[in-house]
Amino acid sequence: MQSYQHTIKVERATAEIFTFNRKDGITEHQVLIHATDPHMTFNEQLKSIIDCYQQLRHAVNAEAIFKRYFLSDAANQAQKVINADDNLCARSVIQQTPLNGTKIALWIIMWTDMKVTQNESGLYEASHGQYRHFFNGSAHVATGNSECQTKSLLNEYIAQLKKEECDIADNCIRTWFYVNDIDNNYHGMVKARNEIFHANGLTPQTHFIASTGIGGRQAEGKVSVQFDNYAIDGIIPEQVHYLYASDNMDSTSEYGVSFERGTMIDYGDRRHVFISGTASINNKGEVMYIGNIRRQTQRMLDNVKALLHEADCDFCDVGVMLVYLRDSSDYQVVKEIFEKQFHGKPYIILHAPVCRPTWLIEMECIAVKAIDNANYAAL
């Protein structure tokens, strides 16, 4: 058995789990833990989430290498999460309200046989064999506008990678930019990212990085941008391929932004696919089906399907889906669509405005597929 979906239910919390394993290889889990009783206080929901995680650790015999908490009110809740979670791994905490009526949810990446450390660079390393995986979450600064903050965050990240003898162009695989008041602050983040990337060899003629730029609020009110990231040391350029789905979508550089639609990494025993934040867009860069949440949702799914197809994958290979809605009142419509097509698969629907006001919905996902490639070492 290489991949399967299952659920662990404990009192007042549920863990939805996608598991991928291969004989003699690392087993990996994509997990979403939801509180199930919206009548509980935040403290009670947080306890139920953490209790569920602790039971899950023992059930699957794996440790977290990355966590992201989704909160309904970061200013009042984030510090409680930090105080309650003493797990040694990269941790992101962001205000993106779960739309099932609860106050908190948790996404976790769990791998077996990984040693996790926090290095002097500040990055969390999960190492196995020839590969070193670096995760970081909740990076932020509280001075300046969104452009200044993004420059500071990216320059600091480049310095962190340098301490690990890595660089952003060759080793960074995935980024997330959470932008508070995205309608006003997104342009500054994009401008800074374009400039820093260009200065570090990331151009339309080379490549960019799979990314999500989405609305999200940090606990500190002066923070306009929060930055999460993932890089790998030990890979070679031939292991990395970029996904375009050009019949469906145009290049992001054509409308002034700098990220890849998707990135796939081939190991000796499996393929990882990271699909960036994807919305209802066509190959001219135009928003499709303005004002129609049902048709935007389907176009978004068609675009993601096309990206997965380029990686020889489909939705059966997807381990987790994060879905973002601008208007929380669209939740029931989108939930019905996802339940019909993806029942049992880990997904979460969050309140998070997309970077263009006319985009009502966006999603990202991670897929994993078994391959055998003797040219590369196993994960």
Any salt bridge linking [X] with [Y]? Criterion: basic side-chain nitrogen under 4.0 Å from a carboxylate oxygen.
X	Y	answer
D86	R91	no
E195	K191	yes
D372	R270	no
E63	K115	no
D250	K284	no
D266	R271	yes
E120	K163	no

> Do the numbers put K67 on top of the ring of Y53, so that NZ or CZ is under 6.0 Å from the six-membered ring centre and no more than 45° off the axis?
Replying inline: yes
Are a donor atom and an acceptor atom from the side chains of [X] and [Y] found within less than 3.5 Å of each other?
X	Y	answer
N100	T102	yes
T117	N119	yes
R57	Q54	yes
N373	N375	yes
E44	H39	no
S92	Q226	yes
E16	T7	no
E364	T278	no
N83	Q79	yes
R174	T212	yes

> Could you go step by step and tell me if D228 and R68 meet the salt bridge (charged side-chain N to carboxylate O under 4.0 Å, His left out) rule?
Replying inline: CA-CA 10 Å; D228 297 353; R68 181 174 294 141; 3.0 Å; yes
Mind checking whether [X] and [Y] have side chains closer than 4.5 Å, heavy atoms only?
X	Y	result
Y186	V257	yes
I33	I49	yes
S246	N283	no
D317	V273	no
L322	I349	no
E147	R193	no
M110	V31	yes
L71	V93	yes

Calculate, to the nearest 0.5 Å, the distance between atoms [atom1] and [atom2] belonging to [X] and [Y] respectively.
X	Y	atom1	atom2	result
I290	N292	CD1	CG	11.0 Å
T297	L360	OG1	CG	8.0 Å
K345	Q5	NZ	CD	4.0 Å
H140	S224	NE2	OG	11.5 Å
K369	C313	NZ	SG	5.5 Å
T175	L154	OG1	CG	8.0 Å

>> Checking L243 against T263 for the side-chain contact (heavy atoms from CB on, under 4.5 Å) test, could you report, in this order, the C-alpha distance in whole Å, the side-chain angles of both residues, the deciding distance, and whether it holds?
In response: CA-CA 6 Å; L243 309 173; T263 300; over 6 Å; no
Decide whether [X] and [Y] are clustered together by the hydrophobic rule: side chain heavy atoms of Ile, Leu, Val, Met, Phe, Trp, Tyr closer than 4.5 Å, transitively.
X	Y	result
V368	Y376	no
L350	Y69	no
V287	L301	yes

> Hey, mind stepping through I293 and I361 against side-chain contact (heavy atoms from CB on, under 4.5 Å) and telling me if it holds?
Replying inline: CA-CA 7 Å; I293 185 61; I361 186 169; 4.0 Å; yes
Smallest separation among heavy atoms of [X] and [Y], with atom names:
X	Y	result
I182	R326	CG2-NH2, 4.4 Å
A35	M40	CB-CE, 4.3 Å
Q96	A352	NE2-CB, 3.5 Å
R299	N282	NH2-CA, 3.4 Å
G256	V190	O-CG1, 3.5 Å
I65	V116	CG2-CG2, 3.8 Å

> Given F342 and F315, is the ring pair (Phe, Tyr, Trp, His ring centres under 6.0 Å) satisfied, shown in steps?
Replying inline: CA-CA 8 Å; F342 307 113; F315 279 107; 4.9 Å; yes
Without swapping roles, check the side chain of [X] against the backbone of [Y] for a donor-acceptor pair under 3.5 Å.
X	Y	result
Q149	K222	yes
N185	N180	yes
Q296	S280	no

Counting the benzene-type ring for Trp, do [X] and [Y] have ring centres under 6.0 Å apart?
X	Y	value
W111	H133	yes
F135	Y230	yes
Y157	F227	yes

>> Determine whether F208 and F259 satisfy the following criterion, ring pair (Phe, Tyr, Trp, His ring centres under 6.0 Å), listing intermediate values before the conclusion.
In response: CA-CA 5 Å; F208 294 123; F259 69 91; 8.4 Å; no
>> Once you measure the plane-to-plane angle for F66 and W176, does it fall in the parallel (<30°), tilted (30-60°) or perpendicular (>60°) bin?
In response: parallel
>> Counting only heavy atoms not in H241 (residues, nucleotides, ligands), do more than 12 fall under 6.0 Å from its NE2?
In response: yes
>> Are there over 12 heavy-atom neighbours, none belonging to H309, within less than 6.0 Å of that residue's NE2?
In response: no
>> Under the criterion side-chain contact (heavy atoms from CB on, under 4.5 Å), I'd like the reasoning laid out for I196 against I168: C-alpha separation, chi angles, the key distance, then a yes or no.
In response: CA-CA 10 Å; I196 297 294; I168 193 168; 5.8 Å; no
> Given L99 and F70, is the side-chain contact (heavy atoms from CB on, under 4.5 Å) satisfied, shown in steps?
Replying inline: CA-CA 10 Å; L99 289 177; F70 304 103; over 6 Å; no
> ring pair (Phe, Tyr, Trp, His ring centres under 6.0 Å) between H29 and F18: does it pass, once the steps are laid out?
Replying inline: CA-CA 6 Å; H29 309 277; F18 174 93; 9.4 Å; no
